[in-house]
2 protein chains.
Amino acid sequence: MRIGQLAQLVGVETQTIRFYEQQGLLPPPDRQDNGYRVYTEKHGEGLAFIRRCRILGLSLAEIHELQSYQDDPHQSCTAVNALLDDHISHVRSQITALQALEKQLVSLRASCNDDREVEACGILAGISEGNMHQQ
Amino acid sequence: MRIGQLAQLVGVETQTIRFYEQQGLLPPPDRQDNGYRVYTEKHGEGLAFIRRCRILGLSLAEIHELQSYQDDPHQSCTAVNALLDDHISHVRSQITALQALEKQLVSLRASCNDDREVEACGILAGISEGNMHQQ
DNA sequence: TTAAAACTATAAAGCTACTATAAGGTCAAT
DNA sequence: ATTGACCTTATAGTAGCTTTATAGTTTTAA
Ligand SMILES: [Zn+2]
Ligand SMILES: [Zn+2]
Ligand SMILES: [Zn+2]
Ligand SMILES: [Zn+2]
């Protein structure tokens with residue numbers, strides 16, 4: 001299987017596959033005489049794993065870590081679970097931060113209607129005055 | 001006022017100030033004979049404005065747009081209000097996406113306890129099997 | 001007075017996770 | 001023989017800084 005077929009199979013661009021190889025996330029495949037990469041089903045599984053991790057918001061470093069655990073299948077999976085716990089708390093704190101931000105933005109938005117000149121705009125005034133509750 | 005004092009006043013790094021100047025967000029200040037930048041109060045206000053916008057999650061491009069409105073203070077502020085509306089909806093869709101992600105991660109996390117070997121880890125199995133409800 | 005510390009300058013690279021572009025080699029079909 | 005689709009590598013761009021390198025200037029302390 002060549003790179004284009006693999007890409008289509010998993011739904012990524014060919015450059016992305018080369019990029020993962022370069023980053024050490026995907027093992028370097030064999031090459032044909034002409035230099036073309038030849039992939040096996042295992043590569044397909046590995047690539048699909050990476051993509052599902054990415055959809056879950058895991059960083060390439062976190063994926064790398066998960067792969068290192070997979071390479072040693074008889075150790076305890078505590079570290080895997082902890083990685084996910086950490087990631088969940090990252091996501092939760094992002095949500096919290098964005099919700100606070102939304103609140104701030106909505107209250108700022110309420111300080112202006114559409115019938116003003118820029119110099120009287122409640123939004124620009126609100127930002128400039130800087131009475132923002134940071135964090 | 002030199003760059004270090006301005007940086008301390010507003011709470012940013014000196015490089016950040018030079019970066020904003022380079023990006024056209026902060027007007028180039030006068031220079032001393034030795035080449036050192038000399039800032040006025042207006043620069044301080046401009047920099048504080050940028051920082052407050054950044055805290056609100058506005059991109060440098062959006063800040064640039066706001067500044068262009070400020071330069072023409074007698075036009076209607078409709079565009080300013082619209083920019084904020086857009087930004088609010090960006091933030092809301094980020095929140096929605098992250099909440100969906102959190103749900104997915106939590107259910108994945110529930111598929112494992114801490115007393116397994118990696119090869120039996122419910123999380124790794126869940127990712128590998130790929131029964132993920134995308135988006 | 002002089003030497004170190006602290007400050008300033010520019011330019012360039014690094015960060016994340018790709019995406020895009022350039023310039024070229026390979027292969028099948030027309 | 002040439003088009004088109006595919007493959008190769010290398011390089012640059014994205015956002016918003018941060019870090020590093022290298023060098024010149026000012027301030028402070030011995
Ligand atoms: Zn994470
Ligand atoms: Zn307004
Ligand atoms: Zn925005
Ligand atoms: Zn587990």
Side-chain angles (χ1 to χ4, degrees), chain A residues 1-26 28-40 43 46-67 86-87 90-91 94 97-98 101, chain B residues 1-26 28-39 43 46-67 83 86-87 90-91 94 97-98 101:
Chain A
M1 187 192 241
R2 296 194 313 199
I3 197 168
Q5 298 169 266
L6 177 62
Q8 198 173 7
L9 188 69
V10 181
V12 299
E13 309 247 351
T14 56
Q15 303 101 309
T16 305
I17 296 175
R18 294 192 198 99
F19 173 74
Y20 288 153
E21 178 184 337
Q22 184 197 325
Q23 298 297 305
L25 291 172
L26 212 49
D30 286 341
R31 302 282 186 132
Q32 290 177 349
D33 291 346
N34 56 18
Y36 288 13
R37 291 171 175 83
V38 188
Y39 291 98
T40 66
H43 287 100
L47 181 55
F49 180 84
I50 295 171
R51 287 273 79 190
R52 288 188 217 107
C53 287
R54 293 292 300 129
I55 288 167
L56 293 172
L58 297 171
S59 68
L60 299 191
E62 286 168 326
I63 296 170
H64 206 80
E65 203 179 326
L66 285 183
Q67 290 177 332
D86 276 2
H87 189 60
H90 293 162
V91 170
Q94 281 184 63
L98 284 173
L101 183 58
Chain B
M1 185 190 245
R2 296 195 313 198
I3 196 168
Q5 297 170 267
L6 177 61
Q8 198 172 9
L9 188 68
V10 180
V12 300
E13 308 249 350
T14 55
Q15 304 100 308
T16 305
I17 296 175
R18 295 191 197 101
F19 172 73
Y20 288 152
E21 178 185 337
Q22 184 196 325
Q23 299 297 304
L25 291 172
L26 213 49
D30 287 340
R31 302 281 186 132
Q32 290 177 350
D33 292 346
N34 57 15
Y36 286 14
R37 292 171 175 82
V38 187
Y39 292 98
H43 287 99
L47 180 55
F49 180 84
I50 294 171
R51 288 273 79 191
R52 286 188 219 108
C53 287
R54 293 293 299 132
I55 288 167
L56 293 172
L58 297 171
S59 68
L60 300 191
E62 286 168 326
I63 297 170
H64 207 79
E65 203 180 325
L66 285 183
Q67 290 176 333
L83 190 154
D86 277 1
H87 189 60
H90 293 162
V91 169
Q94 281 184 62
L98 284 173
L101 183 58

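The structure presented is a predicted model; accordingly, all values stated were derived computationally and were not measured. The chains referred to below are lettered A, B, ... by the order of the sequence lines, with proteins before strands, and numbering in each begins at 1.
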Interatomic distance, Tyr20(A) OH vs dA17(C) C1' [rounded to whole Å]: 7 Å
Report yes or no: does Gln8(B) contribute a side-chain atom to a donor-acceptor pair with the main-chain N or O of Gln5(B) at less than 3.5 Å? no
Can you see if the side chain of Arg51(A) gets near the phosphate of dA17(C) - specifically, an N or O under 4.0 Å from OP1 or OP2? no
For a quick test of reading the model: is some side-chain N or O of Thr14(A) closer than 4.0 Å to OP1 or OP2 of dC6(D)? no
Whole-Å distance, Gln94(B) CD to dA15(D) C1', equals 13 Å
Does Leu25(B) offer a backbone N or O that forms a donor-acceptor pair with the side chain of Gln67(B) under 3.5 Å? yes
Does dT18(D) have OP1 or OP2 under 4.0 Å away from a side-chain N or O of Thr16(B)? yes
Interatomic distance, Gln15(B) CD vs dC15(C) P [rounded to whole Å]: 17 Å
Send over the distance from Arg54(A) CZ to dT16(C) P, rounded to a whole Å. 11 Å
Can you find a side chain N or O atom of Arg37(B) that sits less than 4.0 Å from OP1 or OP2 on dA9(C)? yes
Between CD1 on residue Ile50(B) and CD on residue Gln23(B), distance to nearest 0.5 Å: 10.5 Å
Determine: side-chain N/O of Asn34(A) to OP1/OP2 of dC27(C), distance under 4.0 Å, yes or no. yes
Find the distance Gln22(A):CD to dA17(C):C1' and express it as a whole number of Å. 11 Å
Using whole Å, report how far CD of Glu21(B) lies from C1' of dG16(D). 17 Å
How close or far is atom P of dA17(C) from atom CG of Leu26(A), stated in whole angstroms? 16 Å
5′-ward residue of the pair Gly4(B)/Leu60(A) relative to DNA chain C: Gly4(B)
For Leu58(B) and for Arg2(B), locate the closest nucleotide of DNA chain D by heavy-atom distance; then report the residue assigned to the nucleotide nearer the 5' terminus. Leu58(B)
Validation row: Cys53(B), Leu66(B) side chains within 4.5 angstrom (heavy atoms): yes
CD of Gln23(A) versus C1' of dT16(C): gap in Å, rounded? 9 Å
Is there a donor-acceptor pair closer than 3.5 Å between any side-chain N or O of His87(B) and the backbone N or O of Leu56(B)? yes
By nearest heavy atom, map Phe19(B) and Arg31(A) onto DNA chain D; which one lands nearer the 5' end? Arg31(A)
Give Arg18(A) one of three labels, base, sugar-phosphate or nothing, depending on what nucleic acid heavy atoms sit under 4.0 Å from its own. base
Is the base of dG24(D) touched by the side chain of Tyr36(B) through a donor-acceptor pair closer than 3.5 angstrom? yes
